[in-house]
Number of protein chains: 2
Amino acid sequence: MKAGPIAAHPAAMISDPSRAAMLTAMMDGRFHPASELAYMAGIKPQTASYHLAKLEEAGMIAMHKQGRHRYYGLKSHDVAAVVETLLLLAPPVEIKSLRQSEENRHLRRARTCYDHVAGDLGIRLRDAMIEAGVIREEADAFAVTGEGGAFFEHMGIDVEAVRKKRRSFCSKCLDWSERTPHLAGSLGSAMLERLLELRWLRRMEGTRALHITDEGSRGLRATFHIEIP
Amino acid sequence: MKAGPIAAHPAAMISDPSRAAMLTAMMDGRFHPASELAYMAGIKPQTASYHLAKLEEAGMIAMHKQGRHRYYGLKSHDVAAVVETLLLLAPPVEIKSLRQSEENRHLRRARTCYDHVAGDLGIRLRDAMIEAGVIREEADAFAVTGEGGAFFEHMGIDVEAVRKKRRSFCSKCLDWSERTPHLAGSLGSAMLERLLELRWLRRMEGTRALHITDEGSRGLRATFHIEIP
DNA sequence: TTCATATTACAATGATCATCGAAATGTGGA
DNA sequence: TCCACATTTCGATGATCATTGTAATATGAA
């Protein structure tokens, strides 16, 4: 009789606040030691271990050992996609502490969304690239224009190589803080990678927030006409 | 300290099997009376009422009264998107009863995915349209080709009108039973609407499964070269 | 008004499951 | 070999929450 509720199980994996916190931490697309995830979720290592075992059994995270550490990370893009979509459904975050509001400000300004840039910076990059005519917004995705090729080459990104990857190329990712789509897919991923490589952005410890370096401020202004206050 | 686990709340709304069953029932994109949803989930009306109130408070479903009935349905596409993505993460369904396997067969053959056709039929329609050169698969979405315009007009669908709707036009929707994308977006929606109008398909009671009528078999064969056994 | 039906409100019950202390296992370094 | 640290296993505790019986409210029909 009950044919449908198969969606309940994966949802239950995310419905626990501690697990959600750990999954969100892994949304930076990297692998983290169990103890770090425990700390980020505010729980004891035993509890974290219990949760991580569950998530692994559910096929949502992957683990690799290295020495006495065990590193955990999201198993697939699908998992990241679900979490991001759930964030979109979540009610606006209420600010409880100064500390939290600080972190929130950072996250809203610039953060990773699995493997690409999101937050205000993500949107401004998108706008700048559209303005410059290097990408174009279509109904279901973005597209690289004719001029785009030269631009990305100048940025140090090989568009044709990126296009060949067996995943979506230039898709839209709906942003929970901005409620408007930014650039995701393999091109979004290549973009983030390059911005980190150029040291325009730096990952902040223990959070998905991204720090814009001084070099980054200059570079973003020169290349994208984005002013960082 | 805990900045992330906001995703937990919407996930918790879906993590209960009864709620998941009701949401899945609403995935046909229509509104259902509370009692029907209770029956589909296999719970008493009181329990259903409790769950529906929760879901409404969470902003996931909408309600309108009509006489002594209250009709509930999904509030936005986002909710449908989350449920569909969760289904993708779910482990393969194990078959427990003959009845269930029957329903499963129907669902796999043809069903609605919120507002468009999914299941085997969805994939075969996609393939047929690509084969016929009326749509083209791109990296992040489908696109209507030059010849496409005439074809859809022949089908009784005004592509330009559909394109103008303020939502994605021709997007991909990853199918949990087929694990390959079918046509969604406003064009997918228009397509389902038209197939129901032509009486090629009929909604089956109390499930998302679609029945292919005899007329439909003939029509699908003539127009799409799809053989229905 | 009276009855039937749809739905919600309330209160009690019971099961599930997250949590953590204690202890075990595993790994690296001295 | 001994110690320190990372992680898991086990067992007990406690809180949350789905469920339903009973009762109330609301709407429509006779």
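To find a chain, count down the sequence lines: A is the first, B the second, and so on, and within it residues start at 1.
Side chains of A/Met204 and A/Leu210 form no contact here, defined as non-hydrogen atoms less than 4.5 Å apart. At least one side-chain heavy atom of A/Lys172 sits less than 4.5 Å from a side-chain heavy atom of A/Phe142.
One atom, CZ of B/Arg70, and another, P of D/dT25, lie 14 Å apart when rounded to the nearest Å. Counting to the nearest Å, the P atom of D/dT27 and the CZ atom of B/Arg68 are 11 Å from each other. Rounded to whole Å, the distance from OH on B/Tyr39 to P on C/dA6 is 14 Å. Atom CE of A/Met13 and atom C1' of C/dA18 are 12 Å apart (whole Å). Rounded to whole Å, atom P of D/dT7 lies 13 Å from atom CD1 of A/Ile43. Going from atom CG of A/Asp16 over to atom P of D/dC17 covers 11 Å, rounded to whole Å. Residue A/Tyr50 contributes atom OH, which lies 20 Å from atom C1' of C/dA23 at whole-angstrom precision.
Every residue meeting the salt bridge (charged side-chain N to carboxylate O under 4.0 Å, His left out) condition with B/Arg111, not counting sequence neighbours, appears here in chain and number order: B/Asp175.
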Can you give each donor-acceptor pair under 3.5 Å made by side-chain atoms of residues 47-61 of chain A, sequence neighbours left out, with the distance rounded to 0.1 Å?
residue: A/Tyr50; atom: OH; partner: A/Lys54; partner atom: NZ; Å: 3.4
residue: A/His51; atom: ND1; partner: A/Arg19; partner atom: NH1; Å: 3.1

List the atom pairs, with distances to 0.1 Å, where a side-chain N or O of residues 73-83 of chain A and a protein N or O form a donor-acceptor pair under 3.5 Å, not counting sequence neighbours.
residue: A/Ser76; atom: OG; partner: A/Asp78; partner atom: N; Å: 3.3
residue: A/His77; atom: NE2; partner: A/Asp115; partner atom: OD2; Å: 3.4
residue: A/His77; atom: NE2; partner: A/Arg167; partner atom: NH2; Å: 3.4

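For DNA chain D, no neighbouring residue in residues 53-65 of chain A is found when judged by any heavy atom under 4.0 Å. Of the residues in residues 27-37 of chain A, not one comes within less than 4.0 Å of DNA chain C through any heavy atom.
Taking only side-chain nitrogens and oxygens, A/Ser49 comes nearer than 4.0 Å to OP1 or OP2 of D/dT8. Within the 4.0 Å cut-off from OP1 or OP2 of C/dT7, not a single side-chain nitrogen or oxygen of B/Tyr71 is found. Between A/His69 and C/dT27 there is no side-chain N or O to OP1 or OP2 distance below 4.0 Å. At C/dC20, one or more side-chain N or O atoms of A/Thr47 fall inside 4.0 Å of OP1 or OP2 (strictly under the cut-off).
More than 12 heavy atoms of other residues, nucleotides or ligands shown are found within 6.0 angstrom of CZ on B/Arg163. Remark: A/Arg109 CZ is loosely packed, at most 12 non-hydrogen atoms of other residues, nucleotides or ligands lying under 6.0 Å away.
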- [ ] Starting from the C-alpha separation in whole Å, work towards a yes-or-no answer on ring-ring contact (aromatic ring centres under 6.0 Å, His included) for B/Tyr72 and B/His32.
- [x] CA-CA 5 Å; B/Tyr72 291 92; B/His32 304 259; over 10 Å; no

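The only member of B/Leu192, B/Thr112, B/Ile123 that meets side-chain contact (heavy atoms from CB on, under 4.5 Å) when paired with B/Val117 is B/Leu192.
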Show each protein N/O and nucleotides 21-24 of chain D N/O combination with a separation under 3.5 Å, one pair to a line.
residue: D/dG21; atom: N7; partner: B/Gln46; partner atom: NE2; Å: 2.7
residue: D/dT22; atom: O4; partner: B/Gln46; partner atom: NE2; Å: 3.4

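In the model, A/Thr213 has no side-chain atom that pairs as donor or acceptor with a side-chain atom of A/Arg218 under 3.5 Å.
The backbone N or O of B/Gly185 lies less than 3.5 Å from no partner atom in the side chain of B/Ser189, so there is not a single donor-acceptor pair.
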